[in-house]
Amino acid sequence: MKKYYLLTPGPTPVPPRVAARTAEPIIHHRTKEFGELFDRVQEGMKYVMRTKNDVLMIMGSGTAAMEAAIANTCSSGDKVLVGSIGVFGDRFVDICEAYGLSPLVIREEWGTPLSPQKVEDALKKNPDIKIVTAQHTETSTTTVNDLKTIGAIVAKTHALFVVDSVSGLAAQELHMDDWKIDVLVSGSQKGLMCPPGLSMAAISEKGWKHVETAKLPRFYSDFRRIRKSIATHETPWTPAVSLFQGLDEAIKMIKEETLEGVWKRHQTLAKAVRAGFQAMGLKALSTYPCDVVTGAWLPDSVDGKAVIRKMLTDYGVSIAGGQKHLKGKIVRLAHMGYMDAFDMLIGLNAIENALSELGYKVPQAGQAVEAAKAALVS
Ligand SMILES: *Cc1c(COP(=O)(O)O)cnc(C)c1O
């Protein structure tokens, strides 16, 4: 018998309460019963996103909402500014190019947050920029962006601020309205503690003006159609009913803990994991680490892919390695969604064991867990 521990930055573990709701009988989506569920999820998503704006529900993983954000706000030839600090920032570049747009890109070294100054300079130099994109938490580099500062800069221009908070929502502090975010996208399988398959987009009043005039083709994820159907408490197409049921329960759990409580828990777990890595002699990947996943450089002598594989096959502990040029060089331990202190102790202990079995001399066996425990109570 081996127990399985899912400690990856998406998908994340689904709480039993949420899983049970997704197993409920399917109800028809053009009914009063679905309408009530839809309205609860709508109201709950507004709470989680800290917004008064409608939240559009899109079937598909987070990338579906990212693509919809571009297709619904741009016309051919529009100037887009992509702030990229990792894999998911680059995904906006790929999406733009797929739609024939040639984005301007600000790239930071991986592990560094987006410079608000560079965004401000680019906007001054290019007053015709239509949208600016950024990640809330860049999962690939375990880094958080200063959205509040960047939002205030973009808000002074005609450009929209498009934010991907797929991994940050319901985990790290975020205020859509107060931080002047115009399009906020997220997904079900990270902080929201649901199975993968559902994504969301909320749009500000300023954003809707762009949506009304944007000319890029779109149909399935046409924000105008999705918004129109909110008035009748439904989605334009058949929704993922089971995921709505699950999300309804997940939102209930978030409300029981309070959103501030959820943010605080992630902050505490992040602190503990950082302390654990440090005690193992591993250097932090990010100069501005986020609260949802923590990355650390592995010693050169160790093959990172072997660490991940060993942890999964020998201990049943699933964590993430690096993407693109970080492949084999880092580990990423997630504390996203349905996770608590003991999950982190398991993750740290498993990493320490794997490293030591692969020949790395940890400074002091057991020290990672002790350091994490000390950070949890301090
Ligand atoms: C997971 C993630 C996404 C979306 O990826 P999907 O696989 O489409 O769900 C987008 N941005 C960030 C920052 C993510 O972590």
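Start at 1 and go down the list; that is how both ligands and their atoms are numbered. Hydrogens, waters and symmetry mates play no part in the numbers below; they use all other heavy atoms, side chains included.
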Could you list which atoms of ligand 1 come closer than 4.0 Å to a heavy atom of [X]?
X	value
T63	4 (C), 5 (O), 6 (P), 8 (O)
G62	4 (C), 6 (P), 8 (O), 9 (O)
M66	10 (C)
T137	13 (C)
S167	13 (C), 15 (O)

Out of curiosity, [X] [atom1] to [Y] [atom2], how far, rounded to the nearest 0.5 Å?
X	Y	atom1	atom2	result
H136	I181	NE2	CD1	7.5 Å
R91	S84	CZ	OG	11.5 Å
I203	F223	CD1	CZ	4.5 Å

Has ligand 1 got any nitrogen or oxygen that is less than 3.5 angstrom from a nitrogen or oxygen of K190?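 Looking only at distances, the answer is yes, because the N/O contact criterion of under 3.5 Å is met.
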Aromatic contact, F34 with F244 (centres under 6.0 Å):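 Ring centres of F244 and F34 closer than 6.0 Å.
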Charged tip of [X] within 45° of [Y] ring normal and under 6.0 Å:
X	Y	value
K190	Y338	no
R225	W237	no
K255	Y47	yes

Backbone, side chain, both or neither: what part of [X] comes under 4.0 angstrom of ligand 1, heavy atoms only?
X	result
V166	side chain
Q189	side chain
H136	neither

Considering only the protein, which heavy-atom contact is closest to [atom], and what is its distance?
atom	value
atom 11 (N) of ligand 1	D164 OD2, 2.6 Å
atom 13 (C) of ligand 1	T139 OG1, 3.3 Å
atom 3 (C) of ligand 1	F88 CE2, 3.4 Å
atom 6 (P) of ligand 1	S61 OG, 3.4 Å

Could you name each residue pair satisfying salt bridge (charged side-chain N to carboxylate O under 4.0 Å, His left out) that touches residues 130-143, not counting sequence neighbours?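 Pairs touching residues 130-143 that pass the test: D78-K130.
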Apply the side chain to side chain contact (heavy atoms under 4.5 Å, CB included) test between D90 and each candidate in K324, Q323, R107; give the one that qualifies.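 Result for side chain to side chain contact (heavy atoms under 4.5 Å, CB included) with D90: R107.
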